[in-house]
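Bear in mind the structure is a predicted one, so any value in this text is a computation, not a measurement.
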Amino acid sequence: MLLYKAQKRKNPLKKEEVKFYPQVVITSNVKTDTIAKEIAQLSSLSTGDVKNTIDNLVTVMNRYLCNSQSVTLDGLGTFRLSMKNPKSGVATADEVNSQTAKLFVRFIPAGVRNADRTIAKRNLMEGVKCLRYDKTKTEAEENSLGS
């Protein structure tokens, strides 16, 4: 069950305007060792073999990403590096440099597209059911019955 809550935020364009938006609630973080143990139970590999494979996957992905390539893992999605300038930009192309930019990883989950190229479904989000975290269980159940 994916938990969410109502989060109050100001409109960046209209500072006086405040609205509420859904925000996912993270309850814990699952580490590599836990993932490796579960994958080992589903396969013929040992936990150590799976952990080693995950470690090697990170190393190899880093190599490709740092060489301006994107990495697609079937069924998972595509990773790529991106730059974002903390400022609002510079006046000329000559002023653009990597020292003022923040580097980060973009991830696009794998999915299936319709004939018109719109997203039909995303693999990692298939079957997700949401529950409002900041309401009582009874209120949340009543809301889900009305949907």
Exercise. Specify the closest pair of heavy atoms between Phe79 and Leu65, including all atoms of both residues, with the distance to one decimal.
Key: O-CD2, 3.6 Å
Quiz item: Does a salt bridge link Lys51 with Asp55, judged by any charged N lying under 4.0 Å from a carboxylate O?
Solution: yes
Quiz item: Once you round to the nearest 0.5 Å, how far does OG1 of Thr47 lie from CG of Asp49?
Solution: 8.5 Å
Quiz item: Closest approach of Ile54 and Ile35, non-hydrogen atoms and distance?
Solution: CD1-CG2, 4.4 Å
Quiz item: With a cut-off of 6.0 Å (strictly less than), are more than 12 heavy atoms of other residues, nucleotides or ligands near CZ of Phe107?
Solution: yes
Exercise. Mind listing the closest non-hydrogen atom pair of Lys129 and Met1 along with its distance?
Key: O-SD, 3.4 Å
Quiz item: Atom CZ of Arg80 and atom CZ of Arg106: how far apart are they, to the nearest 0.5 Å?
Solution: 6.0 Å
Quiz prompt | Donor-acceptor contact below 3.5 Å, side chain Asn62 vs main chain Val58 | solution = no
Self-check item: Cluster link Val105 to Met61, ILVMFWY, side chain under 4.5 Å
Solution: yes
Self-check item: Criterion side-chain contact (heavy atoms from CB on, under 4.5 Å) on Gln69 and Val71, from CA distance to verdict
Solution: CA-CA 7 Å; Gln69 294 175 291; Val71 176; 5.8 Å; no
Quiz item: Say you draw a straight line from OG1 of Thr78 to CG of Leu73; how long is it, rounded to the nearest 0.5 Å?
Solution: 8.0 Å
Quiz item: Linking Ile, Leu, Val, Met, Phe, Trp and Tyr by side-chain heavy atoms under 4.5 Å, what else ends up with Phe104?
Solution: none
Quiz prompt | Result of checking Lys8, Lys5, Arg9 against Gln23 for side chain to side chain donor-acceptor pair (under 3.5 Å) | solution = Arg9
Quiz item: What pairs with Leu2 under side chain to side chain contact (heavy atoms under 4.5 Å, CB included), at least two apart in sequence or on another chain?
Solution: Val24, Val128, Cys130
Quiz item: Are Tyr64 and Leu81 connected in the hydrophobic side-chain network, where two residues link if heavy atoms are under 4.5 Å apart?
Solution: yes
Quiz prompt | Side chain to side chain, Arg132 and Tyr4, heavy atoms closer than 4.5 Å | solution = yes
Quiz prompt | Nearest atoms (heavy-atom pairs only) where Ser46 meets Ala40 | solution = C-CB, 3.8 Å
Quiz item: Taking side chain as C-beta onward, heavy atoms only, is Ile39 less than 4.5 Å from Thr53?
Solution: no
